[in-house]
Each structure stands twice: as C-alpha cells, then as structure tokens.
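Before any comments, here is the structure.
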2 protein chains.
Amino acid sequence: MKLGHMSVPGDCNRISPILSHVGNKWAALTILVLSERPKRYNQLRREIETISQRMLTVTLRGLERDGLVAREVFAHKTPPQVEYSLTPLGETLVQPLFALCEWSALNCTEIERNQAAHDGEAGDPHASVA
Amino acid sequence: MKLGHMSVPGDCNRISPILSHVGNKWAALTILVLSERPKRYNQLRREIETISQRMLTVTLRGLERDGLVAREVFAHKTPPQVEYSLTPLGETLVQPLFALCEWSALNCTEIERNQAAHDGEAGDPHASVA
DNA sequence: CTGAATCCGCAGGGATACTG
DNA sequence: CAGTATCCCTGCGGATTCAG
C-alpha cells in the first residue's frame, strides 16, 4: 500500500496494527494520563475511572511490552508500591496522540450531530428530509 | 478525566470512543488512502488489499455517518459507479492521523524489537538475561 | 460494479472473586 | 495496594452467498 505524495516509509501493513494498538481507547488514554507525570496503579484506575482493573492491567502490560511504559516496583513488600511512567519512546508518542485527541475534542460535537442527522434520515422516513 | 496542563476541552469520555473509532485500523487506512484523492469502491478494496469487502462497506458507512466521508453515486444504473471522498471535516483529520501514522512507521521497528526482547525475557527463563 | 445478508469463530473486554 | 484468574457475553471481522 502506498500513500502517494505523502510517502510513508515502510509498509502500511506493519504500521496499521501498531496504529490500532496505540490508537486503542485504553492505551491512548493511559499514555495521555501518564504524560502528565508517573503514576501508581490505583491512581491510574481512578483517573481513567471507566476502565476495568482487568483492562488497565492488560493495557499496561501491552504498553510495557512495546517499551512505551516503564514499570517500577519500589518495594516488593507491604504495602506494594508500583509506579508507571512513560519511557522516552513513549514520550515521543504523546504529541501525535495528543493531536488526535485534540481533534476528537474539537470535532466530537460536530460528529455527534452528523451521526444524529444521518440516523434521523435513515431511521425515520417521516422526518422532514425533503 | 483531566489531562492537567494539556487541557483537553470537553470530556475525555466523549472523545475516547471517537478516538478509538478513527484510530481504528480500517477507518484510519481508509481515510489515509482517501486523502490522496476520491476513489471508487473496488479501487479502495484493491488499495487496502487486506480488507474484506464487508469491513470496507462497514467502515465506509461508519465514516459516512460521522460526516468524514462523502458518498456520491454517479449512476444508479449500469454499471453502478460510486465515488467516495473526504468531506472538509474528514480532511482536517488527515493531518493528525498522518502524524500518528508517521510515528508508527518511524518506530515500528523499535517497538518490534522491544516486543521481541520482552517476550524473550518472559517466555524463556533459560535466555541469557543475567 | 457495488453492495446487503448471513453464518460463525475468535478476541475484546466487563464483573467478580481470590492472592500476596 | 497491586495485581491474577475465571466466567461469560458482546461485537469485530472473515468467508460466502445473493441482488440490483
């Protein structure tokens, strides 16, 4: 796959999984929350609030595996204290991710309107669609 | 959810679904491919190649619903010719999406190495991990 | 050519309970 | 506090078939 004038180095088949991985809901939120400063497990849980403990763990493991997030255990004993932080590589992801996040924030209202309008047309033939 | 100094207008709970939607593998690729120029159905199919016809249709419908992609039917008769193009709103998504795509392309090798290294440590205790 | 519809397997992801 | 393990359900997404 090629992108014409906007040449993307490498194969898009290699980047697409990565894209959908970091573009992932939980991963993206985690990166963004972590971009503020390193945080502990339950602190992340509280801040992302809608995340389940399972998905937080799974997401963190995945990001750790990618080398985007570092896990530091301060004491392997009472009470356990684990801190998660972005690696340098993870830091480089923040900006593009934030850009996309910003775009979403800026346009979510319009998108929601578009969706509602589109659904209205399709769902209700009696609507005043002319 | 707040992002501290990098204030994101609106609620992250509203943007996260959008983010995961446009960050979606097929949606992202479709937008990117369409950013080059408007294209027809089977042309998209060929260029994204790995996509199934079902997912292409589903993805296009979703993007259409969001108002990111426009669908234009040139003739509703023999042979049907349908062209898909980005809407102005869709155009605004190209840049941030491309930035993320670029990041993936730049770092996919390092990520793959990180993954391999991480898997090596965990998967094989006999590895020379010191 | 441009789809819609159906079947179906598999992974994502939530809830809950248990552990160190 | 910081996880792990299990259950289980939903939806993604591929393959195939039918239609205008």
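We name chains A, B, ... by the order of the sequence lines, and we start the count at 1 in each one.
- The interatomic distance linking I48(B) (CD1) with dG14(D) (P) rounds to 12 Å, in whole Å.
- Distance F74(A) CZ to dA2(D) P: 11 Å, rounded to the nearest Å.
- Side-chain atoms of V22(B) and L68(B), non-hydrogen and from C-beta on, do get closer than 4.5 Å to each other.
- A donor-acceptor pair under 3.5 Å links the side-chain atoms of N24(B) to the main chain of A27(B), judged by distance alone.
- Relative to the side chain of M55(A), the nucleotides dG3(D), dC1(D), dG14(C) differ in distance, and dG14(C) lies closest.
- The distance between atom CG of L56(B) and atom C1' of dT2(C), rounded to the nearest whole Å, is 10 Å.
- Here Y41(B) does not reach the OP1 or OP2 of dA4(C): none of its side-chain N or O atoms lies under 4.0 Å away.
- Taking every side-chain heavy atom of V82(B) into account, dG3(C) is the closest of dG14(D), dG3(C), dC1(C).
- For E64(B) and dT2(C), the CD to C1' distance is 13 Å, given to the nearest whole Å.
- In this entry the distance linking NZ of K25(A) with P of dC12(D) reads 12 Å, nearest Å.
- Phosphate contact (OP1/OP2 of dA2(D), side-chain N/O of R71(A), threshold under 4.0 Å): absent.
- Separating the CD1 atom of I51(B) from the C1' atom of dA15(D) is a distance of 15 Å, rounded to the nearest angstrom.
- Distances shorter than 4.0 Å separate some side-chain N or O of R61(B) from OP1 or OP2 on dA4(C).
- Distance from the side chain of N24(B) is smallest to dG13(D) among dC1(D), dG13(D), dT2(C).
- Counting all heavy atoms, side chain and backbone alike, L93(A) lies closest to I31(A) at CD2-CD1, 4.2 Å.
- In this structure, the side chains of V82(B) and E72(B) stay at 4.5 Å or more apart for every pair of heavy atoms.
- Between L60(A) atom CG and dT4(D) atom P the separation is 10 Å, expressed in whole Å.
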Could you list, one pair per line, each protein nitrogen or oxygen that sits under 3.5 Å from a nitrogen or oxygen of nucleotides 16-20 of chain D, together with the distance?
unit_1	atom_1	unit_2	atom_2	d
dT16(D)	O4	Q53(B)	OE1	3.4
dT16(D)	O4	Q53(B)	NE2	2.9

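- Contact check, Y84(B) against dC1(C): no side-chain N or O comes under 4.0 Å of OP1 or OP2.
- Across every non-hydrogen atom of V33(B) and K39(B), the tightest pair is O-NZ, 3.3 Å.
- Between P96(B) and T92(B) the shortest heavy-atom distance is CD-O, 3.3 Å.
- Legend: side chain to side chain donor-acceptor pair (under 3.5 Å) pairs involving residues 53-64 of chain A, not counting sequence neighbours, sorted by first then second residue: Y41(A)-T57(A).
- dT2(C) atom C1' lies 15 Å from atom CD of E72(B), rounded to whole Å.
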